[in-house]
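Notes follow the structure.
Heads up: numbering here begins at 1 and tracks the sequence. For clarity, every value in this text was computed on a predicted model and none was experimentally measured.
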Amino acid sequence: MAKKKRLRLIAEMARKVRAYRELKSRPRESQKYALDHETMRRPLTGKMLPVLAWQDVRRESRLFSLLAGMRLFGVGRMFTRKSWLEDHNEPSFWQITKVKVDYTAENMDHGKAWGQILLIIFFFFSGKKESEMKEVDKVMYHDWRLIPKHMEQQFKDFEPLPEPPVRYVPYPPLLRAMMLAHRKTGGSTVLDEPALPLQRDVVLNKDYFRRQEQERRSKEGTAV
């Protein structure tokens, strides 16, 4: 018979106290992402921001820097990012539905936000607004922009263009190597990558296979 495990109440309580102290000793968002704008370093870690981000730090705003000056901390408003606007033509945005502010921050410009996202520029989103609420990521980046109210409907009504159908796929590696070797031995100067068509323009009937057989025999010649 297995021996019953004895519950160690004091050890369990000590473990919970250690976990609680570790949780309380973690740096807050305002401490973790604080930035010295003169040296472009984070005081907590001493790390310097990339040089390419210095211009955005001076000109653009973080998400909570915008939310802190808005009514209800911007709940219901739509936000986008500078990188999305510059790199892509399709509009993508976050619509804020919930905000948890770090009230210990000096200007209350740190915290966490949740919302519904519409991302058209990434392949794992279908270009439709996500119904479930998700936590907004990269809130500490200095490239967030508020979408004016008169442009919100324009962002919502955008319909992405359907992707063109895939008509060709690459050959398997071994078959591709054989085709390239055949071109090389035949003296062909064609540099196009061999691709396998997914749609045939011929009708696979008896006449088609009869013509294929006749062409094959004409190439091989008659037996002597």
Side-chain angles (χ1 to χ4, degrees), residues 49-56 60 63 78-97 113-145 147-148 150-224:
L49 291 184
V51 179
L52 296 177
W54 290 7
Q55 184 176 359
D56 287 342
E60 304 293 334
L63 177 60
M78 293 164 50
F79 295 84
T80 185
R81 296 179 57 188
K82 173 191 171 186
S83 55
W84 295 348
L85 296 175
E86 291 183 349
D87 298 341
H88 306 276
N89 296 325
E90 300 85 355
S92 302
F93 61 88
W94 278 96
Q95 186 169 15
I96 305 300
T97 57
W114 291 263
Q116 295 173 330
I117 185 172
L118 175 70
L119 275 180
I120 302 175
I121 59 180
F122 300 119
F123 69 92
F124 45 80
F125 283 103
S126 59
K128 296 180 180 179
K129 190 174 180 180
E130 297 291 317
S131 58
E132 62 179 9
M133 188 170 58
K134 296 183 178 181
E135 184 176 353
V136 182
D137 58 344
K138 298 180 176 62
V139 295
M140 77 294 298
Y141 281 29
H142 291 77
D143 67 341
W144 287 91
R145 292 183 178 180
I147 300 176
H150 69 275
M151 295 182 61
E152 289 183 354
Q153 197 61 35
Q154 180 181 350
F155 273 71
K156 293 179 180 179
D157 294 341
F158 179 83
E159 294 184 2
L161 296 176
E163 294 185 1
V166 179
R167 300 187 181 275
Y168 297 91
V169 294
Y171 278 94
L174 181 58
L175 186 57
R176 173 182 174 275
M178 293 173 60
M179 296 181 66
L180 294 177
H182 181 70
R183 287 183 184 178
K184 189 175 181 181
T185 55
S188 176
T189 58
V190 179
L191 302 177
D192 295 340
E193 183 71 19
L196 179 64
L198 297 180
Q199 183 179 2
R200 292 185 178 271
D201 298 329
V202 297
V203 180
L204 300 179
N205 51 18
K206 292 182 180 180
D207 295 335
Y208 171 76
F209 290 107
R210 191 178 294 114
R211 288 195 301 269
Q212 291 288 324
E213 184 66 20
Q214 292 176 357
E215 292 178 2
R216 186 180 64 81
R217 288 181 179 178
S218 63
K219 290 180 180 179
E220 292 178 357
T222 57
V224 179

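- Smallest separation of non-hydrogen atoms from Glu60 and Asp143: CB-CA, 3.9 Å.
- Within 6.0 Å of the CE atom in Met179, the count of heavy atoms belonging to other residues, nucleotides or ligands exceeds 12.
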Taking only distance into account, with no hydrogens and no angle test, what donor-acceptor pairs under 3.5 Å do side-chain atoms of residues 164-173 form with protein atoms, sequence neighbours excluded?
none

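- Between the CG atom in Leu180 and the CD atom in Glu193 there is a gap of 6.5 Å [rounded to 0.5 Å].
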Take His182 and Met178 through the side-chain contact (heavy atoms from CB on, under 4.5 Å) test and state the conclusion after the steps.
CA-CA 6 Å; His182 181 70; Met178 293 173 60; over 6 Å; no
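- Nearest heavy atom pair, residue Leu85 against residue Arg145, reads CD1-NH1, 4.0 Å.
- In terms of heavy atoms, Thr80 sits closest to Ser92 at OG1-O, 2.9 Å.
- Minimum heavy-atom separation, Trp144 to Leu63: CD1-N, 3.5 Å.
- Checking side-chain atoms of Trp54 against main-chain N and O of Leu49 turns up a donor-acceptor pair under 3.5 Å.
- Salt bridge annotation for Arg217-Glu213: present, with a cationic side-chain nitrogen under 4.0 angstrom from a carboxylate oxygen.
- Residues Asp137 and Trp94 meet the side-chain proximity criterion, which asks for heavy atoms closer than 4.5 Å.
- The line from CD of Glu152 to CD of Gln95 is 7.0 Å long, rounded to the nearest 0.5 Å.
- Here the side chains of His142 and Lys82 are not in contact, with every heavy-atom distance at 4.5 Å or above.
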